[in-house]
Amino acid sequence: MKTFALLPLRGGSKSIPRKNLKPLAGRPLFHWTALAACAAEGIDEVHIATDDAEIADSARALGHPKIRIFERSAATATDTASTESVMLEFAEQVDFNRLVLIQATSPLLRAEELDGGLAKLLEAGADSLLSVVRQKRFFWREGATGVAVPVNYDPANRPRRQDFDGQFVENGAFYVSSRSGLLQSRCRLHGRIAVYEMPEETYVELDEPVDWAFVERLMRQRSEVGDHPSSIIHHPSPITHHPSPITHHPS
């Protein structure tokens, strides 16, 4: 059973230029999720799917034996390309059993959460899995006539927070797919779907500049108490960027 992680990293970014390489708490953004994937016991290889030579060099500079570089095509690296497009491109070229899609915009992700998700997938007998957070919010929907109706509670019997289960919301940190299910359905979530619950603060993603300071503060707090993915890695390397051609290392 080969389980690979895939981090899709484009060189371009509209909201935050060169976002994947932008320093966060002392490291390029994508290093945090790459380090978490490398430290996860259930992940055999960590594939950085990129169209950018500087990102590829930065990944190699981590010096970890699990790291591989996958040269994604220009078609899967456009502003309008779906994440599924690069997942499918990878699945059509590389042999594996399970794929863990990890998004660099979720740097609070830990190795133990990746391992927990993989364990939950097996425990549930599921085909795919997504990470979620639990939000205890009351949701409403406005109809075509302008009349609003509650979605997930009864206003006449408003529950106390401690008695309210809330709802699961995707936090975008990671997804697990089977190779066969991905290729057949063309979707990251297929068949029997399980969820893995993560802490509420992991709902924040680095899609806008306003998110950066908040997440960086959380990252530094974690570092101060030793909850730091890079502490598990035994080969820290200076982060240098020497652009070179991207090469694809087949598995």
Side-chain angles (χ1 to χ4, degrees), residues 5-40 46 48-52 54-62 64 67 77 79-81 83 100-114 116-117 130-139 161 166-175 196-233 236-241:
L6 182 71
L7 278 69
L9 304 173
R10 295 192 306 123
S13 174
K14 293 293 186 183
S15 58
I16 303 174
R18 304 294 286 168
K19 175 171 62 179
N20 288 310
L21 290 169
K22 181 177 171 65
L24 175 72
R27 285 186 175 276
L29 171 62
F30 84 90
H31 278 203
W32 295 106
T33 48
L35 289 169
C38 286
V46 179
I48 307 299
T50 187
D51 61 327
D52 188 274
E54 191 175 5
I55 290 175
D57 284 336
S58 183
R60 293 189 188 99
L62 284 170
H64 197 279
I67 294 286
D79 292 336
T80 57
T83 301
V100 184
L101 171 70
I102 299 175
Q103 307 205 110
T105 49
S106 298
L108 297 172
L109 178 65
R110 297 179 172 98
E112 54 263 38
E113 289 162 340
L114 292 167
L130 67 151
S131 61
V132 298
V133 298
R134 188 187 299 271
Q135 290 194 336
K136 295 191 175 186
R137 302 287 188 269
F138 297 132
F139 295 101
R161 180 178 175 83
Q167 290 186 315
F168 286 137
V169 181
E170 291 189 38
N171 67 349
F174 71 97
Y175 301 81
Y196 180 79
E197 186 175 354
M198 291 177 60
E200 189 172 8
E201 67 266 19
T202 63
Y203 183 68
V204 178
E205 292 187 85
L206 289 169
D207 290 324
E208 300 298 334
V210 70
D211 304 323
W212 209 270
F214 174 71
V215 173
E216 188 162 42
R217 185 166 63 251
L218 288 176
M219 297 293 292
R220 292 194 183 281
Q221 289 173 352
R222 285 187 174 187
S223 180
E224 289 170 3
V225 298
D227 185 6
H228 191 295
S230 63
S231 65
I232 307 171
I233 304 301
S237 304
I239 307 308
T240 57
H241 303 304

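Summarising the geometry, atom CE belonging to Met219 is positioned 10.5 Å from atom CH2 belonging to Trp212; distances are rounded to the nearest 0.5 Å. Between Ile102 atom CD1 and Thr105 atom OG1 the span is 11.5 Å, to the nearest 0.5 Å. A distance of 8.5 Å separates NE2 in His64 from CG in Leu35, rounded to the nearest 0.5 Å. Going from atom CZ of Phe174 over to atom CD of Gln103 covers 11.5 Å, rounded to the nearest 0.5 Å. Distance CG/Leu9 to CZ/Phe30: 6.0 Å, rounded to 0.5 Å.
Contact record, Pro199 with Val133: O-CG1, 3.3 Å, taken as the closest heavy-atom pair. Taking both residues in full, the closest heavy atoms of Ile67 and Ala59 are given as CG2-O, 4.0 Å, listed atom of the first, atom of the second, then distance. Nearest heavy-atom pair across Ile48 and Ala34 is CD1-CB, 4.5 Å. Residues Met198 and Thr202 share a closest heavy-atom pair of CB-OG1, 3.5 Å. Across Gly26 and Arg220, no two heavy atoms sit closer than the pair N-NH2, 4.1 Å. Of all heavy-atom pairs between Ala111 and Ala40, the closest is CB-N, 3.7 Å.
Put simply, the side chain of Lys136 gets close to the backbone of Arg161: a donor and an acceptor are under 3.5 Å apart. Looking at His31, its side chain does come within 3.5 Å of a backbone N or O of Ser58 through a donor-acceptor pair.
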* Carefully, step by step, assess Arg60 and Ile55 under the rule side chain to side chain contact (heavy atoms under 4.5 Å, CB included). => CA-CA 9 Å; Arg60 293 189 188 99; Ile55 290 175; over 6 Å; no

* Given side chain to side chain contact (heavy atoms under 4.5 Å, CB included), test Asn171 with Val132 step by step and report yes or no. => CA-CA 5 Å; Asn171 67 349; Val132 298; 5.7 Å; no

* Apply the test side chain to side chain contact (heavy atoms under 4.5 Å, CB included) to residues Val46 and Leu6: give CA-CA distance (whole Å), side-chain angles for both, the deciding distance (0.1 Å), then the verdict. => CA-CA 6 Å; Val46 179; Leu6 182 71; over 6 Å; no

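Glu197 is linked by a side chain to side chain donor-acceptor pair (under 3.5 Å) to Arg134, counting only residues two or more places apart in sequence or in another chain. With sequence neighbours excluded, the residues satisfying salt bridge (Lys or Arg N to Asp or Glu O under 4.0 Å) with Glu200 are Arg137. With sequence neighbours excluded, the residues satisfying side-chain contact (heavy atoms from CB on, under 4.5 Å) with Gln167 are Phe139, Asn152. Scored by the side-chain contact (heavy atoms from CB on, under 4.5 Å) test, Ser106 finds Ala173, Glu205 as partners (sequence neighbours excluded). Under the ring-ring contact (aromatic ring centres under 6.0 Å, His included) criterion, Phe138 pairs with Tyr153, Phe164, sequence neighbours left out. Judged as a side chain to side chain donor-acceptor pair (under 3.5 Å), and not counting sequence neighbours, the contacts of Tyr175 are Glu170. For the side chain to side chain donor-acceptor pair (under 3.5 Å) test, no residue two or more places apart in sequence or in another chain qualifies with Thr33.
The neighbour count for Tyr203 OH, taken as heavy atoms of other residues, nucleotides or ligands under 6.0 Å away, does not exceed 12.
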Please output the side-chain donor-acceptor pairs of residues 16-24 that fall under 3.5 Å, not counting sequence neighbours, one pair per line with the distance.
| unit_1 | atom_1 | unit_2 | atom_2 | d |
| --- | --- | --- | --- | --- |
| Arg18 | NH1 | Gly11 | O | 3.0 |
| Arg18 | NH1 | Asp52 | OD2 | 2.7 |
| Arg18 | NH2 | Asp52 | OD1 | 3.2 |
| Arg18 | NH2 | Asp52 | OD2 | 3.3 |
| Arg18 | NH2 | Glu54 | OE1 | 2.8 |
| Asn20 | ND2 | Arg10 | O | 3.1 |

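Leu62 is not listed as a side-chain neighbour of Cys38, based on a closest heavy-atom distance of 4.5 Å or more.
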